[in-house]
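Worksheet: one structure, shown below.
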Amino acid sequence: MGRILSIDYGKKRTGIAVTDPLQLIANGLTTVPTASLLSFLTDYLRKEKVERFVVGKPMQTTGAESENMARVRSFVQSLQKNWPDIPVDLFDERYTSVLAHQAMLDGGLGKKARRDKALVDEISATIILQGWMEAHRTRGL
């Protein structure tokens, strides 16, 4: 069984999270500059078996797509072109930044750490992955 890799795609930075090989637990992996994301993924996929990509789907609170969706679509096309054998799922990422900040507060992180946007992106990717995993367990998908 391979890992599931989650991507919180951003204009400047991208948060990444992965499951363990048994796909039981979602863990934050890192945040990388978006410009070097495909290179990072190429290196990571040489070392680890990834069974699926889950990419955050940027939505507005109204349910409409956000402005970042065009960039996400383009990125998803790059994923599919580079790794055609790895399926890509989009998963609603609304409120993940708010939830990430709350998790940081609940975890007792100081004010300086909570301002670390890279950490917020990594935690957001973890929340996206955890949400995807829970949705697929409860729906039997």
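Positions are given from 1 along the sequence.
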Would you give the length of the straight line joining atom [atom1] of [X] to atom [atom2] of [Y], rounded to the nearest 0.5 angstrom?
{"X": "Arg52", "Y": "His136", "atom1": "CZ", "atom2": "NE2", "answer": "6.0 Å"}
{"X": "Arg13", "Y": "Thr34", "atom1": "CZ", "atom2": "OG1", "answer": "8.0 Å"}
{"X": "Trp83", "Y": "Ser78", "atom1": "CH2", "atom2": "OG", "answer": "8.5 Å"}
{"X": "Phe91", "Y": "Asp8", "atom1": "CZ", "atom2": "CG", "answer": "12.5 Å"}
{"X": "Gln130", "Y": "Asn27", "atom1": "CD", "atom2": "CG", "answer": "9.5 Å"}
{"X": "Leu38", "Y": "Leu79", "atom1": "CG", "atom2": "CG", "answer": "6.5 Å"}

If two hydrophobic side chains count as joined below 4.5 Å and joins carry through other members, does [X] share a cluster with [Y]?
{"X": "Ile123", "Y": "Val55", "answer": "no"}
{"X": "Ile16", "Y": "Leu45", "answer": "yes"}
{"X": "Tyr9", "Y": "Val50", "answer": "yes"}
{"X": "Phe40", "Y": "Leu129", "answer": "no"}
{"X": "Ile86", "Y": "Phe75", "answer": "yes"}

- Message: Among Asn82, Thr14, Leu5, which residue satisfies the side-chain contact (heavy atoms from CB on, under 4.5 Å) criterion with Leu41?
- Response: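 Testing Leu41 for a side-chain contact (heavy atoms from CB on, under 4.5 Å) against Asn82, Thr14, Leu5 leaves exactly one candidate, Leu5.
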Nearest heavy-atom neighbours spanning [X] and [Y]:
{"X": "Ala125", "Y": "Ser6", "value": "O-OG, 2.9 Å"}
{"X": "Ile128", "Y": "Gly56", "value": "CD1-CA, 3.8 Å"}
{"X": "Ala26", "Y": "Met133", "value": "CB-SD, 4.0 Å"}
{"X": "Asp89", "Y": "Trp132", "value": "OD2-NE1, 3.0 Å"}
{"X": "Ile4", "Y": "Val54", "value": "CG2-CG2, 3.7 Å"}
{"X": "Arg3", "Y": "Asp20", "value": "NH1-CA, 3.6 Å"}

- Checking side chain to side chain contact (heavy atoms under 4.5 Å, CB included) for the pair Met69/Leu90: CA distance, chi angles, key distance, verdict? CA-CA 11 Å; Met69 190 61 199; Leu90 291 173; 3.8 Å; yes
- Do the side chain of Glu122 and the main chain of Ala17 share a donor and acceptor less than 3.5 angstrom apart?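 Here the side-chain-to-backbone pair does not exist.
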